[in-house]
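Excluded from the calculations below are hydrogen atoms, water molecules and symmetry mates; all remaining heavy atoms, backbone and side chain alike, are included. The structure displayed is predicted, hence computed values, not measured ones.
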Amino acid sequence: MAKQIPANNKTNTRALIAQFYCELAESLLEKDQHQALNLLRSAHHYDADCVRASLLEGRILIKIGQYRKAIRVLQHVEKQNHYFLPEALPLLYTCFDNTNNLDDFKDWLESLLTRHHHLTSARLMLTRLVEQKQGTEAAQRFLYRQLHQHPSVEGLHQLIMLGEDNHQALIPLIKEVTTTLIHKGDRYTCKNCGFSGRTMHWLCPGCSQWATIRPIEIHLSALEKLLEPSR
């Protein structure tokens, strides 16, 4: 039915059809992965920028052990819509880790930050890699330098988690505040209607549009709003 809607209609029917294919693929993730991949290819045919199809394809490829192919698919998310990179990074870590290639992942993350300076999720992933290879103190120093240039609540929280409780009265309090901020803060927002929430929806509950919700990160500008008491 969507294919019958005229191409000059205001509704982006091709993107809509891609979401329908993703819905079908998602229902087959555990039953028939081969058919799910075929459906996702159809989704990409109708909308080359369908991030959801790339993320689903990456998950399937990881499940069947095709890590290098999954890396190519998931890295393409940057070109499709870089706002969704926080969703792709944990999957990419799994791929690079399983191919014993975390050094290449580190290089790619560093180049990613030259293109997207405020991508906190990439900065935190780099901190994780530094900690694995060089230890906790090196990770602390790295993240401390990063936060001076690009402060974020999540970055501050991670820095505290890496540290020792030298200041018994202060550190636990800051931990509690940052933990509350991360759990209370909205993580996704709709670019069409402004709906926000803590759960990813491909169909926006606010305006019923497909693929308009994207991940957001909690920055210090949101601090005052999040700390306001509930009314």
Side-chain angles (χ1 to χ4, degrees), residues 10-23 25-26 40 43-44 46-59 73-93 109 112-128 146-147 149-159 177-231:
K10 291 182 180 180
T11 303
N12 185 354
T13 54
R14 295 187 69 84
L16 186 65
I17 292 168
Q19 288 296 323
F20 292 159
Y21 275 119
C22 287
E23 286 285 307
E26 197 150 9
L40 293 174
H44 283 304
Y46 281 94
D47 182 8
D49 291 328
C50 184
V51 174
R52 184 185 184 184
S54 294
L55 293 172
L56 283 170
E57 186 177 355
R59 285 170 54 193
V73 169
L74 293 167
Q75 285 183 330
H76 186 60
V77 169
E78 180 189 2
K79 293 182 179 179
Q80 292 176 313
N81 190 333
H82 72 271
Y83 287 105
F84 282 88
L85 281 168
E87 300 291 307
L89 290 180
L91 298 174
L92 281 165
Y93 174 86
L109 287 170
L112 188 66
L113 284 173
T114 65
R115 298 187 292 274
H116 309 287
H117 304 287
H118 298 288
L119 197 60
T120 299
S121 53
R123 201 162 274 109
L124 296 182
M125 186 63 74
L126 266 174
T127 303
R128 178 180 179 180
Q146 292 291 317
L147 289 176
Q149 297 176 341
H150 303 285
S152 72
V153 172
E154 288 182 302
L156 176 61
H157 178 75
Q158 184 62 29
L159 183 63
V177 170
T178 55
T179 299
T180 301
L181 288 171
I182 288 173
H183 285 110
K184 284 180 62 180
D186 292 331
R187 309 310 303 270
Y188 302 92
T189 188
C190 176
K191 64 182 181 181
N192 185 55
C193 72
F195 169 87
S196 59
R198 292 188 290 275
T199 304
M200 180 65 194
H201 298 277
W202 292 104
L203 178 64
C204 177
C207 61
S208 298
Q209 295 295 308
W210 287 96
T212 56
I213 289 182
R214 66 187 187 191
I216 56 175
E217 294 174 334
I218 306 171
H219 293 282
L220 291 179
S221 58
L223 197 61
E224 184 175 330
K225 177 184 175 182
L226 290 173
L227 287 174
E228 288 178 355
S230 301
R231 295 179 181 178

Output the distance between atom [atom1] ([X]) and atom [atom2] ([Y]), rounded to the nearest 0.5 Å.
X: Arg123; Y: Gln146; atom1: CZ; atom2: CD; answer: 5.0 Å
X: Leu109; Y: Thr127; atom1: CG; atom2: OG1; answer: 10.0 Å
X: Gln209; Y: Phe195; atom1: CD; atom2: CZ; answer: 14.0 Å
X: Ile213; Y: Tyr83; atom1: CD1; atom2: OH; answer: 15.5 Å
X: Leu89; Y: Leu112; atom1: CG; atom2: CG; answer: 7.0 Å
X: Asn192; Y: Trp210; atom1: CG; atom2: CH2; answer: 14.5 Å

Apply side chain to side chain contact (heavy atoms under 4.5 Å, CB included) to [X] and list each qualifying residue two or more places apart in sequence or on a separate chain.
X: Ala15; result: Asn12, Asp47
X: His44; result: Ala53, Ser54, Glu57, Gln80
X: Tyr93; result: Asp97, Leu102, Phe105, Met125, Arg128, Leu129, Gln132
X: Arg198; result: Asp186

Of the non-hydrogen atoms in Leu85 and Val77, which two are nearest, and what is the gap between them? N-CG1, 4.2 Å

Can you run down the salt bridge (Lys or Arg N to Asp or Glu O under 4.0 Å) pairs that involve residues 199-209, sequence neighbours left out, and say none if there aren't any? none

In terms of relative ring orientation, are Tyr46 and Tyr21 parallel, tilted or perpendicular, with 30° and 60° separating the classes? parallel

Partner residues of His117 under the ring pair (Phe, Tyr, Trp, His ring centres under 6.0 Å) criterion, sequence neighbours left out: none

Do the non-hydrogen side-chain atoms of Leu113 and Leu119 ever get within less than 4.5 Å of each other? yes

Side-chain heavy-atom pair His82, Arg115 within 4.5 angstrom cut-off: no

All N/O donor-acceptor pairs, side-chain side in residues 201-208, below 3.5 Å, sequence neighbours left out:
none

Got a sec, which residues hit side chain to side chain donor-acceptor pair (under 3.5 Å) with [X], two or more places apart in sequence or on another chain?
X: Arg52; answer: Gln19, Glu23, Glu26
X: Ser121; answer: Glu217
X: Tyr188; answer: Glu87

